[in-house]
Amino acid sequence: MSTPTGATGRWPMLALISLGFVALTLNWFDVAAAFPLIGEEFGVGIGQLTLLISLFIIGYGLAHVPGGLLATAVGMKRTLVLGLVVQGVAGVLSGLSYSYTALAVFRTLSGIGGSIFIAVAFAAVIVWFQQGPVTLALGLSGGAAFSAGAAFALYVWIYLQHATGWHLSLVIAGVFELLVALATAIWFHTPAGLPALAGTRFEGPALRAAVASRDLWIYGIALMGGYGAYFTASQVFTEYATQERQFPASLGGLLSALIALAGIPGSVVGGLLADRSRNLRAIVVGSLVVSAVFLVLIPFVPTGALWVLGIGLGASVIFGFAAWSAVPARVSRIKHEYIGTATGLMLTLAGVGGFFVPIAFGHIVPAAGFTTGWVALAGISLVCGLVGVFGRNPARPAIEATPAPAADVAEAL
């Protein structure tokens with residue numbers, strides 16, 4: 001597999017890509033913060049509100065692989081910008097929606113834009129850090145920045161929505177993402193020595209190898225349950241805390257935000273550990289088993305312990321996600337120009353859970369209560385996560401590919 005000729009500027013590129021992740025999750029989770037207001041305005045209940053989560057995931061799952069293929073054909077930069085623009089426009093249109101149907105359509109479109117961006121964003125981080133701490137970089141962008149945007153949407157946005165209304169708050173989030181798209185169009189570039197990343201012809205055998213790797217499928221399936229459970233829990237925890245545990249609305253929002261914020265230290269620690277370990281499988285599977293334990297305990301612990309479980313859930317899932325996102329590069333050894341497609345395949349598989357799990361939860365809770373819903377989330381997460389025991393580990397720790405870690409730290413500073 002070819003490697004870039006140098007790593008000059010990779011930390012500024014990581015910062016720019018991370019800003020895109022913040023914009024992505026802000027425009028993903030800001031709707032969840034507005035669930036009470038949306039439900040009141042449109043006269044819908046938890047089933048229809050959780051459907052909005054699933055509709056986003058439909059779009060999000062549909063475009064991962066096409067986004068990766070598009071990046072191969074027209075280049076990484078153009079695809080990143082396109083994804084940000086599509087989701088930003090959808091965010092603005094979501095705010096301008098005055099019917100549930102219109103909002104549902106634009107949430108699907110938002111998922112498509114986010115999908116195009118995210119698979120290629122992971123690939124961009126990998127090509128810049130292939131000869132450095134790649135799993136840490138993936139954790140900082142796809143874990144820490146992702147979590148920061150979600151936490152901002154789930155807590156800070158509550159106050160903005162009450163001050164301006166949920167419609168204007170969604171418009172503001174969409175405009176922010178369009179500004180990030182502009183910054184990406186101006187400043188993002190790919191490493192020297194990798195001309196194929198500006199667009200190239202498809203190579204049939206290489207493309208087939210990218211999507212046929214057994215480990216991509218195994219690890220993608222392993223995350224199905226945990227992926228859906230994480231997004232369900234983070235977006236409905238406010239509803240549960242306020243309805244079932246009598247939390248004030250502000251504290252319920254803070255609890256959901258902490259689930260996301262816990263992913264920041266979780267991603268950093270997980271990335272550092274994975275860079276120094278050959279046992280990515282244990283990190284991925286272990287994090288999913290631990291998250292299942294936290295989920296099953298939610299309805300049975302005292303109210304005060306919900307803070308511990310929420311933080312533990314957010315930290316554990318994202319702890320393993322950094323290692324999971326390194327599988328295409330470190331385990332399957334996919335060529336740079338096809339990493340977006342390979343990552344897209346894994347995200348699409350995980351997105352199946354992201355679609356069905358919120359729908360299942362939305363049907364279980366009205367029929368059998370939140371307790372059954374949380375237990376079901378835990379069971380699905382555990383069963384899928386154990387599929388990961390059949391995945392392989394990389395040949396060597398990523399840190400061994402870094403010839404001069406001191407120089408790397410100096411560049412970051």
Side-chain angles (χ1 to χ4, degrees), residues 10-11 13-29 60 64 114-115 117-126 128-129 132-154 219-220 222-223 226-231 233-235 256-277 280 282-288 290-291 294 310-331 339 343-344 346-347 350-351 354 381 385 388 398-399 412:
R10 63 184 173 190
W11 292 102
M13 290 301 103
L14 180 65
L16 186 59
I17 296 165
S18 297
L19 191 60
F21 273 103
V22 171
L24 162 72
T25 50
L26 174 59
N27 280 275
W28 180 341
F29 288 85
Y60 191 69
H64 284 315
S115 178
F117 168 80
I118 194 168
V120 185
F122 281 122
V125 173
I126 288 170
W128 272 108
F129 284 84
V134 62
T135 319
L136 173 61
L138 288 167
L140 290 172
S141 55
F146 186 102
S147 299
F152 200 74
L154 290 169
Y219 282 107
L223 192 62
Y227 198 73
Y230 172 78
F231 291 127
S234 60
Q235 294 180 81
S256 289
L258 286 175
I259 294 176
L261 280 174
I264 297 177
S267 66
V268 174
V269 175
L272 286 169
L273 177 62
D275 270 329
R276 289 160 173 79
S277 173
L280 292 191
I283 295 173
V284 173
V285 175
S287 70
L288 292 171
V290 170
S291 68
F294 285 125
I311 293 170
L313 174 63
S316 60
V317 172
I318 305 301
F319 176 92
F321 187 75
W324 182 90
S325 59
V327 167
R330 292 187 56 193
V331 178
I339 284 179
T343 304
M346 291 178 64
L347 288 168
S381 182
I399 203 70

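With hydrogens and angles ignored, the 3.5 Å screen pairs no side-chain donor or acceptor of S267 with any backbone N or O of I318. Side-chain atoms of S277 never come within 3.5 Å of backbone atoms of A274 as a donor-acceptor pair (strictly under, hydrogens ignored). Using modelled atom types, one side-chain atom of W324 and one backbone atom of Y219 make a donor-acceptor pair closer than 3.5 Å. Looking at S147, its side chain does come within 3.5 Å of a backbone N or O of A260 through a donor-acceptor pair.
Using a 4.5 Å heavy-atom threshold, the side chains of L258 and L261 count as touching. Within the 4.5 Å cutoff, the side chain of L138 has no heavy atoms near those of the F129 side chain.
Residue S291 holds its OG atom at 12.0 Å from CZ of F319, rounded to the nearest 0.5 Å. Taking CH2 of W11 as the start and CH2 of W128 as the end, the distance is 13.0 Å to the nearest 0.5 Å. Considering CZ of F29 and CG of L24, their distance stands at 8.5 Å, rounded to 0.5 Å.
For F294 and Y230, the ring centers sit 6.0 Å or farther from each other.
Nearest heavy atoms, A144 versus I264: O-CG1, 3.5 Å. When all heavy atoms are compared, the tightest approach of A322 to T135 is O-CG2, 3.5 Å.
In this view, A262 and I311, A315 satisfy the side-chain contact (heavy atoms from CB on, under 4.5 Å) rule, not counting sequence neighbours. In this structure, the side chain to side chain donor-acceptor pair (under 3.5 Å) partners of S115, at least two apart in sequence or on a different chain, are H64. Annotation: side-chain contact (heavy atoms from CB on, under 4.5 Å) contacts of A123 (sequence neighbours excluded): M76, I339.
Applying the side chain to side chain contact (heavy atoms under 4.5 Å, CB included) test between L14 and each of L136, V125, L19 identifies V125 as the sole match.
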Candidate pair W28 and F231, rule side chain to side chain contact (heavy atoms under 4.5 Å, CB included), full reasoning:
CA-CA 10 Å; W28 180 341; F231 291 127; 3.4 Å; yes
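Classified by interplanar angle (parallel below 30°, tilted 30° to 60°, perpendicular above 60°), the ring pair Y60/Y227 is parallel.
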